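These figures come from a predicted structure and were not determined experimentally. Throughout, protein chains are lettered first and strands after them, A, B, ... in sequence-line order, and every chain is numbered starting at 1. Reckoned from all heavy atoms, side chains included, excluding hydrogens, waters and symmetry mates.
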Amino acid sequence: MRKKVSTVRYWLFKSEPDAFSISDLARTRAVLWDGVRNYQVRNLLRDEIREGDRALFYHSSTKEVGVVGEMAVVGGAVTDPLQFDPKSQYYDPKSTKEAPRWLAVTVRYVRTFPRLVPLPMLRSDPALSGMQILERGNRLSITAVTKAQYDRIIRLGTMKR
DNA sequence: GCCAACGTTGGC
DNA sequence: GCCAACGTTGGC
């Protein structure tokens, strides 16, 4: 029997800290990353993001915008239960249990950086040029990151500067 | 709170 | 299937 080859991939997950911050994540063991309501991102959850992948945690729409830490994907895509909850802001009346529209993966806290890596620092770092989140008009809440970009951001978040 | 940029909806 | 109108995102 042939051993299944599985490559770790790297991602950047955005969240508004007022809704869910890395401190909130740090208080839990693992959490379902729910509320994704964009088809491109849904397709990433369905087709690309796997257990064992790594992800940067990014705080958006807040005073200090930037990458704040690291987490791990510990569970593959499942049906996002919030789409069936009429009281949830993520309720989708057009989704059905027979053909659910929206998915979610489970993530686990890895660490909070000693220093937030601010968006302007990402923009000005030549090693990070071309990163998807920095592209004009990008609005996806999950974007791909190369291993080199990932490692560079870990370094920026942990090195003295 | 402004607004650019993008996504979604629905009439035709 | 086009596209105008509307909604949302997210930096500033």
Side-chain angles (χ1 to χ4, degrees), chain A residues 9-28 31-49 53-71 73 77-107 109-146 148-150 152-159 161:
Chain A
R9 295 198 209 180
Y10 300 86
W11 309 96
L12 182 147
F13 283 42
K14 277 196 258 194
S15 179
E16 299 187 14
D18 288 347
F20 186 74
S21 71
I22 192 146
S23 309
D24 296 325
L25 179 66
R27 279 193 285 273
T28 65
V31 74
L32 194 63
W33 195 272
D34 51 21
V36 169
R37 295 294 179 271
N38 171 283
Y39 287 104
Q40 287 182 65
V41 179
R42 189 278 311 271
N43 294 347
L44 285 180
L45 293 170
R46 186 189 60 199
D47 305 331
E48 311 285 342
I49 300 174
D53 287 358
R54 289 284 177 145
L56 299 166
F57 196 120
Y58 178 94
H59 280 177
S60 67
S61 296
T62 186
K63 220 178 292 175
E64 276 201 295
V65 169
V67 180
V68 290
E70 191 185 359
M71 54 191 184
V73 178
V78 296
T79 299
D80 180 347
L82 296 183
Q83 68 197 299
F84 303 124
D85 178 2
K87 293 189 295 266
S88 169
Q89 64 165 313
Y90 298 113
Y91 177 58
D92 183 350
K94 293 183 190 159
S95 184
T96 65
K97 301 232 175 187
E98 294 71 35
R101 282 188 180 182
W102 306 113
L103 302 172
V105 296
T106 304
V107 294
Y109 176 77
V110 173
R111 63 168 151 175
T112 304
F113 296 151
R115 287 164 290 280
L116 172 143
V117 184
L119 179 57
M121 182 175 288
L122 300 177
R123 288 202 187 283
S124 63
D125 192 318
L128 299 175
S129 74
M131 203 165 71
Q132 200 180 349
I133 197 185
L134 302 179
E135 279 170 21
R136 184 170 149 276
N138 168 71
R139 283 172 30 181
L140 301 179
S141 62
I142 300 177
T143 48
V145 176
T146 67
Q149 291 163 349
Y150 193 89
R152 175 65 181 155
I153 291 170
I154 297 282
R155 177 144 177 74
L156 291 173
T158 52
M159 75 197 296
R161 45 172 142 99

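Defined by atom type and a distance below 3.5 Å, a donor-acceptor pair is present between the side-chain atoms of A:Ser95 and A:Gln83. There is a side-chain donor-acceptor pair under 3.5 Å between A:Tyr150 and A:Glu70.
A:Arg155 CZ: 12 or fewer foreign heavy atoms inside a 6.0 Å radius.
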Legend entry - Contact pattern, 5' to 3', of nucleotides 2-12 of chain C - B, S or - by protein heavy atom under 4.0 Å: -----BBBBSS

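You'll find the side chain of A:Arg101 reaches within 4.5 Å of the side chain of A:Lys94, heavy atoms only.
Distance alone, capped at 3.5 Å, places no donor-acceptor pair between the A:Thr62 side chain and the A:Val65 backbone.
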